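Only this structure's heavy atoms are used, side chains among them; waters, hydrogens and symmetry mates stay out. Since this is a predicted model, take the numbers as computed values, not measurements. Sequence lines set the chain letters: A, B, ... in the order given, protein chains first and strands last, and positions in each chain run from 1.
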There are 2 protein chains.
Amino acid sequence: MPFRLSTRGHYAVLIMYELARSGESFSSLQDISASQRLSQRYLEQIVRPLRQAGLVQGKRGFGGGYVLAREASAITVGEIVRAVEGPVVPVECVADGSTPERCPDDCKAKSVWQKVGEAIDNVLDSITLEDLVRDDIEQPASSKGGQFCDK
Amino acid sequence: MPFRLSTRGHYAVLIMYELARSGESFSSLQDISASQRLSQRYLEQIVRPLRQAGLVQGKRGFGGGYVLAREASAITVGEIVRAVEGPVVPVECVADGSTPERCPDDCKAKSVWQKVGEAIDNVLDSITLEDLVRDDIEQPASSKGGQFCDK
DNA sequence: TCTAATCCTATTATTATGGTAGGATTAGTT
DNA sequence: AACTAATCCTACCATAATAATAGGATTAGA
């Protein structure tokens, strides 16, 4: 189906959401993956680009884990997704490095995909981690345990 | 690269664009694929769901081909993409048949993906084939030949 | 020194993508 | 009637991306 987000982007947002809920204290991936059936090993791979992008800070050794590198209000979902998955580019010919030979300037469909990309970025950039956490407070969860999607 | 559209959706729009330009006369896939290096056999597969969705009308035999089943102004890019690729569902848990066990009701990220999906649909549904063709008339192409993207 | 944790680099199974291929059917042309 | 251009239908396949798994190195608190 079109315009799919892979599990990497999906899980990345969920990890960041958990970190935002944990506030200042370091959360281990073991804890984050424990409440769900997600592989800790897989989450390690997903966290790496988040760290490299300066969105989280890792602390090694006993008692280590991750914290948000910034306030939750200063981190958008868009930053998270792009850090893990790269830029939002629905179709090749809209990408930065796309050669004009592969897509002539007068390609009319191009503007459609550009608009789609912008619309996606707009939505993602308009939502911060704080927004996600606040919603959680406003309408308290009826079910205990994790709030992750999918497996 | 998140939120990608596959070549099927991409090519489907380009096919429909060509049919919109051809007006009432039947255009063969051979003609449409000839100006580009797209496989006619592959286009056949892409056109089928368009026909099944009632967007185009096929005519067999010598001199056959395809025409738009409706006016270009009554066909949106969204219809085309969804006919070929299925509904716009960025993440599984937002899909219609998604089981609640796989995604609890209180999943906060869910609302994000729903908003993204709606934003994409809004853009795609706001653009008709006529819009694409009209843009083409307004700024006449400097290059002759096809205006397709990618290979 | 033990252990819990982050880090780093491969490897792998599954799935989706992007086609190709073979043929059947339809219908105009000669 | 034969030929040919086209749509139709079904299956198959090679490659790439996805989604993990795995082995191990490093760090640092207890």
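Applying the side chain to side chain donor-acceptor pair (under 3.5 Å) test to pairs two or more places apart or on separate chains, those with a residue in residues 22-32 of chain A are Ser22(A)-Ser27(A), Ser28(A)-Asp31(A). For residues 48-58 of chain A, there are no side chain to side chain donor-acceptor pair (under 3.5 Å) pairs, not counting sequence neighbours.
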I'd like a list of close polar pairs between nucleotides 20-23 of chain C and the protein, N/O only, cut-off under 3.5 Å.
from, atom 1, to, atom 2, distance (Å)
dT20(C), OP2, Ser39(B), OG, 2.8
dT20(C), O4, Gln45(B), NE2, 2.2
dG22(C), N7, Arg41(B), NH1, 3.3
dG22(C), N7, Arg41(B), NH2, 3.0
dG22(C), O6, Arg41(B), NH2, 2.9
dG23(C), O6, Arg41(B), NH2, 2.6

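Under the salt bridge (Lys or Arg N to Asp or Glu O under 4.0 Å) criterion, Arg60(A) pairs with no residue, sequence neighbours left out. With sequence neighbours excluded, no residue forms a salt bridge (Lys or Arg N to Asp or Glu O under 4.0 Å) with Glu85(A). Remark: Ala34(A) engages no residue in a side chain to side chain contact (heavy atoms under 4.5 Å, CB included) (not counting sequence neighbours). Shown here are the salt bridge (Lys or Arg N to Asp or Glu O under 4.0 Å) partners of Glu44(B), two or more places apart in sequence or in another chain: Arg41(B).
For DNA chain D, if you chain together Watson-Crick or G-U pairs that step i with j, i+1 with j-1 and so on, the runs of at least three with distances under 3.5 Å are C:1-30 with D:1-30.
Through side-chain heavy atoms spaced under 4.5 Å, either directly or across other Ile, Leu, Val, Met, Phe, Trp or Tyr residues, Val89(A) is tied to no other residue.
Rounded to a whole Å, the OH atom of Tyr66(B) is 9 Å from the C1' atom of dA6(D). In this structure, Ile32(B) places its CD1 atom 13 Å from C1' of dT7(D), rounding to the nearest Å. Across the protein-nucleic acid pair, Leu29(B) atom CG and dT7(D) atom P stand 4 Å apart, rounded to whole Å. Rounded to an integer number of Å, the gap from Leu19(A) CG to dA5(C) P is 14 Å. Here dT17(C) presents its P atom at 16 Å from NE2 of His10(B), a figure rounded to the nearest Å. The separation between Glu92(B) atom CD and dT18(D) atom P is 15 Å, rounded to whole Å. What separates CZ of Arg4(A) from C1' of dA16(C) is a distance of 10 Å, to the nearest Å. In this entry the distance linking CE of Met1(A) with C1' of dT18(D) reads 15 Å, nearest Å.
Atoms NE2 and CD1, on His10(A) and Ile46(A) in that order, are 10.5 Å from each other to the nearest 0.5 Å. The CG atom of Leu14(B) lies 9.5 Å from the CG atom of Leu132(B); values are rounded to the nearest 0.5 Å.
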Would you tabulate the side-chain donor-acceptor contacts of residues 114-130 of chain B under 3.5 Å, counting partners in other chains and residues two or more places apart, or write 'none'?
from, atom 1, to, atom 2, distance (Å)
Asp121(B), OD1, Arg82(B), NH1, 2.8
Asn122(B), ND2, Glu118(B), O, 3.3
Asp125(B), OD1, Arg82(B), NH1, 3.3
Asp125(B), OD1, Arg82(B), NH2, 2.9
Ser126(B), OG, Asn122(B), O, 3.4
Ser126(B), OG, Val123(B), O, 2.7
Thr128(B), OG1, Glu130(B), N, 3.3
Thr128(B), OG1, Asp131(B), N, 3.1
Thr128(B), OG1, Asp131(B), OD2, 3.2

What donor-acceptor contacts under 3.5 angstrom involve side-chain atoms of residues 66-76 of chain A, with partners at least two apart or in another chain?
from, atom 1, to, atom 2, distance (Å)
Arg70(A), NH1, Ala74(A), O, 2.7
Arg70(A), NH1, Glu79(A), OE2, 3.2
Arg70(A), NH2, Glu79(A), OE2, 3.0
Glu71(A), OE1, Ser73(A), OG, 3.3
Thr76(A), OG1, Gly78(A), N, 3.4
Thr76(A), OG1, Glu79(A), N, 3.1

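Annotation: proximity of residues 46-58 of chain A to DNA chain C (heavy atom, distance under 4.0 Å) is found for Arg48(A), Arg51(A), Gly58(A), numbered in ascending order.
Out of dC7(C), dA5(C), dT17(C), the shortest distance to the side chain of Ser6(B) is found at dT17(C). In this structure, of dT26(D), dT18(D), dG19(C), it is dT26(D) that holds the atom nearest to the side chain of Arg60(A).
Nearest-nucleotide positions on DNA chain D place Ser28(B) closer to the 5' end than the other of Glu85(A) and Ser28(B).
The aromatic rings of Tyr11(A) and Tyr42(A) lie perpendicular to each other, with more than 60° between the two planes, well past the 30° mark.
Between Gln30(B) and the phosphate of dA5(D), there is no side-chain N or O to OP1/OP2 separation shorter than 4.0 Å. The side chain of Tyr11(B) contributes no N or O atom lying less than 4.0 Å from OP1 or OP2 of dG18(C).
Phe26(A) comes within 4.0 angstrom of no nucleic acid atom, judged by non-hydrogen atoms across all strands.
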